[in-house]
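Report on the structure given below.
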Amino acid sequence: MKKQPAQWLLSAASVGVAGIILAQSYGTAVAETNTEGFVQTPEQKITTRQVAALLDRSHYLNQPLDSKTGSEILSMYIDSLDTNHTLFLQSDVDEFKKKYGDDFGDRLKRGDLSAGVDVFERYRKRSNEYFTMASKMLKTDIDLTGNETIVLDREKLNHFKTKKEQRDYWTRQLKFQLMSITLGQEDEKAKEKVFLSNPDITRGQDLVRNDQRTPSEILQNRLSRQQEQFKRLTNDEIMETILNTAMLTYDPHSNYYAPVQANELQIQSSLQLEGIGVSIRPDRKNPDYTRIVTLVDGGPAAKSGQIKPNDLIIGIAKDGENMTDVVGWSTREIVGLIRGKRGTSVTIKVRQPNAPDASARNVTVVRDIIQQEESGVTHRVVEVQRPNIDKTPKRIGVLEIPSFYLNYRARRNGEDYRSVSIDTEKALKALNEENIDGLVVDLRNNPGGSLDEVAKMLGFFIKSGPMVQIRDNRGNVQVYRDDDGGEQLYDGKMTVITNLASASASEIFAAAIQDYGRGLVVGSTTTGKGSAQIQLDNLALGSATLTQRKFYRVTGGSTQNKGVVPDVELVNIYDDATFGERAQKNALPWDTIKTAPYKPEGKFTDTTLATLNQQSKIRQEQNPQFVYLSSLNDIRDMEDEKKPILLDINSRRAKMKLIEKRSLEAENKRLIATGERPYTNWNTYQAAMDAKFEERSRMKAIERPELPEDEAFINEAAYLMLSADPEATVSPKEKL
């Protein structure tokens, strides 16, 4: 493999190096911020200047941070705070654009966050006005019938001109939320009745919430939690909102991360964190509480012997500080308190469910490095037999790649480290020993990762040649090549599965396999994230990713925006209108560069692909799992938040019942087709699903059985691979 000069990342969750631009700074003096409640620290000022310098001088677009761009940042910032255009009045927007529109960018370059903070404080004020109005309204009797309507998705609509218009919408919004909670309670009580009358369906789990609160009380508690989270926002988090919006105005993948989020970035890219080794989520019965779901084997929490699955976290004392009551806190906030540097301690106050707070116990745990073993590459062998074709089942290897991860820091420090290429090499060697008849590489929901890693990965499958081209903002093109003399770790038949959530490095991999004719790409069109970011870890506070390059296929076409179109289309489970690069604001455009000379190893003719698509379409129309997923797509389309919804609970209940009826019909149709017993009614079905997924959540990832609807894609990919017959592509000389 050719040694590459730099470590580039292809997703927001990747590894990093620092940029030279951070040695530069704008020398203009910064006036003290007078915004009430927020006084910038020197580190925040420096960080703001650093981020502004990155955008002004180093972004791929070569777009200066001038008054025009600053005005665009301000507009996007207002929209990012109030996405649905329900909090800011039009007069607020007009005031801010008049006051700050011309110099918002200059303020950022000077390190001055006061304009952004001013906007944020108005946002906080309007939010509190909403909370106050909601609290008063929820103390009254609210009629959930009538002829009023509401449009839930107002992103494309104007801000309200008057407070009367705004309050009217807030009233209708609360009414809709109460309707939803009321109907949800009806479903919940019906499920609990099933649990009580059929204990076996619970699989031995306590799933009866017995929530006695009224819908108004539930909504009031929910809004109170949101208001309390507002109060706990730190100045760093407000700075993160402002600076991240500035970066997103340039493109969707340039980001700024405050220190807590920067830690999350490292965790996602390295599969390693420094914590106590627990997974958490809001408690089912009372979301004010956070429940411990599982413990990592060998992690600090498990070693303590005092922390158990199902414990509720009610307090945290971080690094010797006083105990903080965390009831009502979000899981993100709790994670931020629990995690910290290796060797430091944290005290967790926990109690068992249904026990009084007086029974709570304090457990002090020393943080350590937690390797997330389950998060990496997995492999297995499945048997596939095509009817009337295969006399004996074919053994198909399945390689599941969740991301193109790399613990860059450990590698840089000369320590043992994990990476996707290391784990894949081990998996391929194990599969080769199994004498597999073909390989399915599953890239569904893979967000990307390290460019170095995807290049190494492709070298396992391609003989030699260019794999991906990278173009910088000056037009310079760098080609990543596999120059290992034609060595292949796996040279057999293969298929790659993609979907709309396959992004970045996943798209590079799929595109190269497709361009070289090395295997089929099946599934649905990928995200279309064809840009490369550099990660900057030496900001004064936090870290950033900055788009500085775009990557291109060896054929010269970018994967940006368009994505990788599969050779054979399978059912798409995502909504193209709201998911993927093509639905993002400020996405970079698709374009082309010159082809990098390369030699395909095979080619699937148009006739072959047409035949495969036709055969697959027939199978999908007959396969109970694909029919089920297609039905869910149709049911999903029944709910359109851009259209007016009638605010009448009887009408809403009838609509929900229709959706429930069609959902149950879809489920029972596939159960009957697969020889399983159908559910008698919606409530029994929902109770069984609750029990099933609660049980799965307690299992380790490697212990969870494959879902039949997911496995259908694996089987279809195997069928297509075994049926495909690519033509070998050789030169005339070789033919002689």
Side-chain angles (χ1 to χ4, degrees), residues 82-87 89 126-194 208-227 285-287 634-666 681-687 690:
D82 184 18
T83 305
N84 220 29
H85 295 178
T86 61
L87 291 172
L89 294 169
R126 295 288 182 243
S127 298
N128 284 331
E129 289 173 358
Y130 172 72
F131 291 136
T132 300
M133 174 189 164
S135 181
K136 291 180 180 179
M137 180 176 169
L138 291 174
K139 293 176 182 177
T140 66
D141 292 330
I142 301 173
D143 184 8
L144 299 183
T145 61
N147 297 317
E148 291 180 303
T149 62
I150 188 171
V151 174
L152 296 178
D153 186 350
R154 299 192 70 260
E155 185 178 4
K156 302 297 184 183
L157 301 179
N158 294 326
H159 293 269
F160 297 117
K161 292 183 179 180
T162 67
K163 285 193 174 184
K164 184 180 183 303
E165 289 178 324
Q166 185 183 61
R167 298 305 192 272
D168 176 64
Y169 185 86
W170 287 355
T171 300
R172 286 180 284 133
Q173 181 175 266
L174 287 165
K175 186 173 179 178
F176 177 82
Q177 290 173 318
L178 282 176
M179 281 172 40
S180 299
I181 292 172
T182 301
L183 296 175
Q185 276 192 316
E186 291 176 3
D187 275 353
E188 191 65 32
K189 292 184 184 303
K191 279 191 295 183
E192 291 178 354
K193 187 176 180 180
V194 174
V208 179
R209 297 183 187 180
N210 194 29
D211 192 344
Q212 300 298 317
R213 295 175 298 173
T214 66
S216 291
E217 289 172 338
I218 292 174
L219 184 53
Q220 180 63 68
N221 289 346
R222 185 182 300 171
L223 294 174
S224 296
R225 285 198 303 271
Q226 294 173 2
Q227 192 169 23
K285 293 188 176 182
N286 187 347
D634 294 336
I635 294 168
R636 178 190 64 199
D637 292 339
M638 292 174 64
E639 194 78 337
D640 187 348
E641 294 188 347
K642 291 183 173 63
K643 294 181 179 179
I645 296 173
L646 183 63
L647 290 176
D648 178 82
I649 194 167
N650 297 318
S651 173
R652 188 69 181 165
R653 185 182 288 111
K655 178 70 174 291
M656 293 299 100
K657 292 296 182 184
L658 177 59
I659 292 175
E660 291 171 2
K661 178 176 180 292
R662 293 190 179 180
S663 299
L664 181 62
E665 288 173 350
N681 56 59
W682 171 258
N683 297 323
T684 302
Y685 167 53
Q686 285 297 286
D690 270 16

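Just the heavy atoms: all of them, side chains too, but no hydrogens, waters or symmetry mates, feed the values below.
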If you measure from [atom1] on [X] to [atom2] on [Y], what distance do you get to the nearest 0.5 Å?
X	Y	atom1	atom2	value
Arg126	Lys163	CZ	NZ	5.0 Å
Asn158	His85	CG	NE2	8.5 Å
Lys136	Leu138	NZ	CG	12.5 Å
Leu646	Met179	CG	CE	7.5 Å
Leu658	Ser663	CG	OG	9.0 Å
Leu89	Lys161	CG	NZ	12.5 Å

What I'd like to find out is whether the side chain of [X] reaches to under 4.5 Å of the side chain of [Y], using heavy atoms alone.
X	Y	value
Met638	Ile659	yes
Arg662	Asp634	no
His159	Glu165	no
Leu144	Ile142	yes
Thr171	Glu148	no
Leu174	Gln177	yes

Which pair of heavy atoms, one from [X] and one from [Y], lies closest together, and at what distance?
X	Y	value
Met133	Trp170	SD-CE3, 3.5 Å
Glu639	Lys655	OE1-NZ, 3.4 Å
Thr140	Met137	OG1-O, 2.6 Å
Gln185	Arg213	NE2-O, 2.8 Å
Asp143	Lys175	O-CE, 2.8 Å
Thr182	Pro215	OG1-CG, 3.4 Å

Please identify each residue that fulfils side chain to side chain contact (heavy atoms under 4.5 Å, CB included) with [X], with sequence neighbours left out.
X	result
Arg653	Leu183, Glu186, Ile649, Asn650, Lys657
Ser180	Phe176
Gln226	Phe131, Arg222, Leu223

More than 12 foreign heavy atoms under 6.0 Å from [atom1] of [X]: is that the case here?
X	atom1	value
Arg225	CZ	yes
Asp637	CG	yes
Lys193	NZ	no

Does any N or O in the side chain of Asp153 come within less than 3.5 Å of the main-chain N or O of Glu155, such that one atom is a donor and the other an acceptor?
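The answer is yes, because a donor-acceptor pair under 3.5 Å joins these two groups.
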Any donor and acceptor pair, going by atom type alone, linking the side chain of Asp648 with main-chain N or O of Gly146 inside 3.5 Å?
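Checked: pair present.
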Under a 3.5 Å threshold, yes or no: a donor from one side chain and an acceptor from the other, between Gln227 and Asn128?
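Checked: Gln227/Asn128 side chains pair up, N/O donor to acceptor below 3.5 Å.
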Checking Lys191 against Asp187 for the salt bridge (Lys or Arg N to Asp or Glu O under 4.0 Å) test, could you report, in this order, the C-alpha distance in whole Å, the side-chain angles of both residues, the deciding distance, and whether it holds?
CA-CA 6 Å; Lys191 279 191 295 183; Asp187 275 353; over 6 Å; no
Salt-bridge contact Arg172-Asp168 (side-chain N to carboxylate O under 4.0 Å)
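Salt bridge flag = yes for Asp168 with Arg172.
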Classify the angle between the aromatic ring planes of Phe160 and Tyr169 as parallel (below 30°), tilted (30 to 60°) or perpendicular (above 60°).
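Rings of Phe160 and Tyr169: tilted, 30 to 60°.
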What do the steps show when you test Ile645 against Arg652 for side chain to side chain contact (heavy atoms under 4.5 Å, CB included), and what is the final call?
CA-CA 8 Å; Ile645 296 173; Arg652 188 69 181 165; 3.7 Å; yes
Test side-chain hydrogen bond (donor to acceptor under 3.5 Å, both in side chains) on Gln220 and Ser224 and set out the steps.
CA-CA 6 Å; Gln220 180 63 68; Ser224 296; 3.2 Å; yes
